[in-house]
Structure formats: structure tokens, C-alpha cells
*Asks:* 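Once you've had a glance at the structure underneath, I'll fire off some questions.
Indexing begins at 1, ligand by ligand and atom by atom, following the structure's order. What you see below is based on every heavy atom in this structure, not just the backbone, and it leaves out hydrogens, waters and symmetry mates.
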Amino acid sequence: MTFAIHGLAVSRGVAIGRAVLVASSRVDVAHYFIEASEVSAEIHRVRVGRDLVVDEIHRLQETITHMGPKEAPHELSALLDVHLMLLQDGELIDGVKHWITDRMYNGEWALTTQLEVIARQFDEMEDEYLRERKADMEQIVERVLRAMKGVGPSIVAHHQQQRASRKPAQQDLLLDDTVDVPLILIAHDLSPADMLQFKQSVFAGFITDVGGKTSHTAIVARSMDIPAVVGARTASQLVRQDDWVIIDGDAGVVIVDPSSIILAEYGFKQRQGELERGRLQRLLHTPAVTMDGEKVHLLANIEMPEDAPGALMAGALGVGLFRSEFLFMGRQGRLPDEEEQYQAYKRAVEGMQGLPVTIRTVDVGADKPLDDSLRDDAHLNPALGLRAIRWSLADPAMFLTQLRAILRAAAHGQVHLLVPMLAHAREIRQTLAHIDHARAALDNKGVAYGPVKLGAMIEIPAAALSLPLFLKHFDFLSIGTNDLIQYTLAIDRADESVAHLYDPLHPAVLRLVADTIAAGRAVGKEVAVCGEMAGDVGLTRLLLGLGLRTFSMHPAQILAVKQEVLRSDTTKLAPWAQRVLLAEDPTRELASA
Ligand code: PEP
Ligand code: MG
């Protein structure tokens, strides 16, 4: 039966495919497709993993038969019997074979997929004893996964790319339900680090139950440029493994088990979207200049050095925000050393072929834990806690390491160094002192480094209200509207339950943005916007009218924003933008323009 789930629109476009439900705790399992010729070897790999666990349990059973009832209670031996029985479970074994043979999933992926199917059946059981066997099933699958780590080939990246690039035509979709059907990832939650894993992956779209529009998970999804919906609340419970789903990333709607009429309708919409993107490509080499001759800088936000070539291909004239924290995530607490960071920043700089790269010092904390296991549940308000520059200043050795690496990368091209979350004069002084210190350390060692322009993010209202202080110490400012909105309106950007109050057009937000742009212009210093507002085509004209000339956004948005720029006349937009700024309801004023 067809039904729809409403969430928050995160990343535009339409995706149609089969649901792949992934439990958040198992997201780090490798997901890749195997080749037809590898099917039997893959089934064998899982079997070997399972046999290893069976042997392990037999050995345990042997040991406990020699123990007394005190050291080895009867329950333990009963539990081992249950585990042995579950390891032989026909549904588990047949299901895993099905996912490997018919869908060509790798063994780990097949195991966790079948576990989701079985876990759901357990959840629906009336009998409490049987319901509780779900935990046992989860445990044995975890054990097999662990055993498989030592068995045969692990993740094979080229499989991912090869298969991910094979997208069937829409008409094939309806007829040919084979391994080439696009897959839609559905999870309760995905951390930004998880999302990063999926960057090169096989999925054509994704849906999460939780998350706000500007949560970092959503931001990474947007940078992947695949349709996505977050805040879909119960999606991971309502959708079943392998259901057909449509994601309407523009409307934030998920349609489950669509009828053929609905499928045809969305297939049409999908093709329209592709045509529109094709049309925008014609603007790739057109300079972003308004009708009245104002030059506008359209820059890219990136997460990894490997994103640089994509940014160039999308028409970016530089990187306005390299979120360096993604280099620090998912590494079980082992942070990248100076050399590793230097190489990464250098790759980004060289990747941009002489265009400027703005490297932001690490911004972890809040909804960007270094590792999922380090998720900050201990503090009640992590967004107000030790994140970004506060974290860096609390660990000077780590901060100095990063600063030295950035300064060294500046020897290879234009680098701008951007500091997040500053609010206090004291923090500014400390940051500048650390930069001097990093330069001195490199001088002492005779290591080459280059000049950098220094920038501060304006993303705390206190900073937006202390602009002379910032303009005195920095060469440029970059407005982080995602956080500026969060902190001005006291709305947790990652919390879907207050997402309706997250309003870029609130008069207070607009006032802070407008004042920051005006203050920078008054002293001839560059002001950029690098929050999600910069890539929102509905706001391009307003920001231009407020005097903004530097926009940094996801590469996929650049051409659409450029189209708006080309159609704009800032001499007309400026007085109108002032009216919007003073309006009681700017949203209505914007709509009436
Ligand atoms: C912002 O806050 O707007 C910003 C660009 O930084 P981040 O989204 O990484 O916090
Ligand atoms: Mg921010």
C-alpha cells in the first residue's frame, strides 16, 4: 500500500530505488557490490566467518564442562546452545545467500541486511521469550562480522565506484528488478563521519529519522548532491528492507511502495531535474557578474581535499570553506599529525590550481563528535559547550600542530586561514598569539611556509555585535549563518522537533547579517557568507541587495546561484533589501518582490 512520510527537504532532486535499512550502530560495516564471478567466494567467506564462530563456541562449551556450576552457571551453557542454533538458522543463511546472489552485496552488508529483516520479525512477535532472542541474533551476527575481519578481502573501493556509476534508465527500473536498481539508505541517525563514508558509496539517496536542515549530516548529504530527507521521524520503522521508495528531496517527502502512476510521475520529475541541471551547465564559464556590472565571487564549501577537483568542475573560483574537522573524524581518537594534515591541505591547495583555499581550523563538538563513541551526551548543551576554537584553545599542542600544517600548505598556493566560533577579545588574542608561535616554530626549524590571509567566522551573535573588534584584527570575515541562526534564535540546528522555528529570515538574523556585510564594506574588507543561506537561490537576490559579493556553498549549488546573479540588478535590489530588512514579516516582503 502506498503511503507518504513527511520530513525536511535537505538535498534536492528525486531518487527512486529500493530501501536499504541500516541500523546506526552498523553503519561502519563495509557496503560494496561484488562482481557476478565473486558470488560463490563471497558466500564462502561468510561461511568461513560463521564456522570460526561455531568453533569458538564449541571450544567454550568444552571449557565450561570442566568448570563447576559456580564459575559456569547453567544459563551460560544454555545461551551457547541458543547461539549455536541461531548460527544454523535457515532464514539467516538463506537470506544472506539471497542478498549476495541476487543483489551482489558484499558478505558483511548481506549479513547486516538480513539481520535487519529478522530483527523486525522478532519485534513483531507476541511471545516475550522469542522477542528477546533478537539480542542473541544481533550478538551472533556481530561475532561473525568480527570473525570475517580476518577472512579474505575486505573493502574493495573500486567495486563501489564501478557499481555506483551504473544508474539504470527510469524505464528499466519498472521492468528490470535486478542488481542494478538504485538503493536508498534509511537509518534512524547518521553521524557526519558516517555520511563521509558514504560519499563514494553505492546509495542514490538517503533518509534519516532525525536531524535538522542544517545539521552537519544534512550538510554532508548536500555536498554529495544526492536527494535526501532528514527528520522523517519514523521512516526507519515504517519502511521495510527492500521496499520501493521515492525521495522527493525538494519537498522533503518520502513515498513508500508507490503505485505505477506515482512512479511514472516522479520518473518524469526526475528527468526534468536532470534537464534543468544540463541547462545550467551552459553557465559554467560565464563570469558571475550582475546586470549592473557587480562582480560576484562564487566559492565552494568542501569537506575533504578530494572534493577540490569537483569544486573546480562545478565552476567554483576558490574554496570559501574547507571544513578541516572531517580529517579528524572517525579515527578512534588518533588525530592526524602535522605531516598528514600538511599533505591533506597541500592536496586541497594544489587541487584548486592556484585559486584560493580557505581552511577553517577544526570545528568539532556539538553535532560533530570526533567518533560516534565520543558523542557528547554528558553535557546538556553540547552546542554551547567546548566546540570549535574553544576546543582548539583548550588543547594548544593540537592547535599548534594544525596551524603549522596550514602555514606550510600556504607555501604551495593561496591559503586563507579561517577561525570558527570566536566571540571574545581574549580568544582573538590567544588565537593570534598561537599563529605567531606556529610561525616562529617553523622559522626555528627552517621549514618553509607561506603567507595567509586571516579570517574570522561571524557565527555567534556576540561577534556580530562586536564587529570593530573583528575588523581590527582580521583581513576578512565569513558569516556562518547556520550557527548564527542557531544561536540567535536559540534553536538547535540538529533537532528536527524545532526545525520549524529555524528561520534565516527572522528580522534579528537579517539585521546581524546585514550589519556584518555593511561593516566590512565600510572598511574595504571582504565579507563572505559560508552558511547554507549562501547556496539558497531563494535568498541570493536579498543577500546581493544587502551588499554581499562573496558566497561560499556546496559546489552543486553554484550554477543555480550564478543564474540568479546574472539576472540581478543590485541598484534595484539595494533599496528593496532595506525594505525587507525593516519589514515585520520579511518572508512575506520577499515573496511579494
Ligand atoms: C555555519 O555555521 O554557518 C558554518 C558554515 O559552519 P558549520 O556549518 O560547519 O558550523
Ligand atoms: Mg558554524
*Asks:* Would you kindly say whether Gln402 and Ser392 are connected by a side-chain donor-acceptor distance under 3.5 Å?
*Replies:*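 Absent: no donor and acceptor within the cut-off.
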*Asks:* What's the spacing between Met421 CE and Leu386 CG if we round to 0.5 Å?
*Replies:*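 Atom-to-atom, Met421:CE and Leu386:CG are 9.5 Å apart.
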*Asks:* Residue-level breakdown please: for Glu303 versus ligand 1, do any non-hydrogen atoms fall below 4.0 Å on the side chain, on the backbone, on both, or on neither?
*Replies:*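 Answer for Glu303: neither.
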*Asks:* Examine ligand 1 and decide if any of its atoms is less than 4.0 Å from a heavy atom belonging to Glu532.
*Replies:*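 No.
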*Asks:* Given Tyr345, which partner from the list Arg347, Gln341, Gln343 fulfils the side chain to side chain donor-acceptor pair (under 3.5 Å) test?
*Replies:*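 That would be Gln341; it is the only one of Arg347, Gln341, Gln343 passing the side chain to side chain donor-acceptor pair (under 3.5 Å) with Tyr345.
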*Asks:* Using a strict threshold of under 4.0 Å (side-chain N to carboxylate O), is an ion pair present between Asp475 and Lys525?
*Replies:*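 Between Asp475 and Lys525 there is no salt bridge, as every charged N stays at least 4.0 Å from the carboxylate O atoms.
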*Asks:* Determine which of the N, O or S atoms in Asp483 is closest to the Mg ion (ligand 2) and give its atom name.
*Replies:*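 The Asp483 atom nearest to the Mg ion (ligand 2), restricting to N, O or S, is OD2.
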*Asks:* Report, in ascending order of atom number, the atoms of ligand 1 lying under 4.0 Å from any heavy atom of Ile219.
*Replies:*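 The atoms of ligand 1 under 4.0 Å from a heavy atom of Ile219 are 8 (O).
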*Asks:* Side chain, backbone, both or neither: which applies to Met553 and ligand 1 if a contact is any heavy-atom pair less than 4.0 Å apart?
*Replies:*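 It is neither; nothing of Met553 touches ligand 1.
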*Asks:* Taking only heavy atoms of Asp483 into account, list the atoms of ligand 1 that are under 4.0 Å away from them.
*Replies:*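 Going through ligand 1 atom by atom, the ones under 4.0 Å from Asp483 are 1 (C), 2 (O), 3 (O), 10 (O).
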*Asks:* Does one side chain, of Ser223 or Glu303, offer a donor that lies under 3.5 Å from an acceptor on the other?
*Replies:*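 Judged by distance alone, the side chains do pair up.
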*Asks:* Could you walk me through whether His416 and Phe476 pass ring pair (Phe, Tyr, Trp, His ring centres under 6.0 Å), step by step?
*Replies:* CA-CA 9 Å; His416 302 170; Phe476 70 98; 5.5 Å; yes
*Asks:* Judged by non-hydrogen atoms, does Arg493 sit under 4.0 Å from ligand 1?
*Replies:*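 Yes, Arg493 has heavy atoms under 4.0 Å from ligand 1.
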*Asks:* Could you list which atoms of ligand 1 come closer than 4.0 Å to a heavy atom of Asp363?
*Replies:*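 In order of numbering, the contacting atoms are 10 (O).
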*Asks:* To the nearest 0.1 Å, how far is atom 7 (P) of ligand 1 from its closest protein heavy atom, and which atom is that?
*Replies:*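 It is His216 NE2, 3.3 Å.
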*Asks:* Is any NZ, NE, NH1 or NH2 atom of the basic residue among Arg277 and Asp225 found under 4.0 Å from an Asp or Glu carboxylate oxygen of the other?
*Replies:*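 Yes, Arg277 and Asp225 are salt-bridged.
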*Asks:* Check each of Val362, Val364, Asp363 against Arg387 using the side-chain contact (heavy atoms from CB on, under 4.5 Å) test, and report the only one that passes.
*Replies:*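 Single pass found, and it is Asp363.
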*Asks:* Quick one: is the NZ or CZ of Arg408 closer than 6.0 Å to the six-membered ring centre of Tyr342, and within 45° of its axis?
*Replies:*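 Yes; both conditions hold, so Arg408 lies above the ring face of Tyr342.
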*Asks:* Which of the numbered atoms in ligand 1 are below 4.0 angstrom from a heavy atom of Arg323?
*Replies:*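 Here the atoms of ligand 1 in question are 4 (C), 5 (C), 6 (O), 7 (P), 8 (O), 9 (O).
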*Asks:* Please list, in number order, the atoms of ligand 1 under 4.0 Å from a heavy atom of Cys530.
*Replies:*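 Numbered from 1, ligand 1 contributes 5 (C).
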*Asks:* Specify side chain, backbone, both or neither for Leu321, according to which of its non-hydrogen atoms lie closer than 4.0 Å to ligand 1.
*Replies:*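 Near ligand 1, Leu321 shows its side chain, while the N, CA, C and O stay back.
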*Asks:* Heavy-atom contact under 4.0 Å between Met533 and ligand 1?
*Replies:*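 For ligand 1, residue contact (heavy atoms, under 4.0 Å) with Met533 is absent.
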*Asks:* Number the atoms of ligand 1 from 1 as they appear, then name those within less than 4.0 Å of a heavy atom of Arg387, with their elements.
*Replies:*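 Answer, ordered by atom number: 10 (O).
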*Asks:* Strictly distance-based, threshold 3.5 Å: is any side-chain N or O of Lys562 a donor or acceptor partner for the main-chain N or O of Leu284?
*Replies:*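 The answer is yes, because a donor-acceptor pair under 3.5 Å joins these two groups.
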*Asks:* Report whether any nitrogen, oxygen or sulfur of Glu459 sits less than 2.8 Å from the Mg ion (ligand 2) (N, O or S, backbone or side chain).
*Replies:*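 Yes, since at least one N, O or S atom of Glu459 sits under 2.8 Å from the Mg ion (ligand 2).
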*Asks:* Which residue supplies the protein heavy atom nearest to atom 6 (O) of ligand 1, what is that atom called, and how far is it?
*Replies:*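 It is Arg360 NH1, 2.9 Å.
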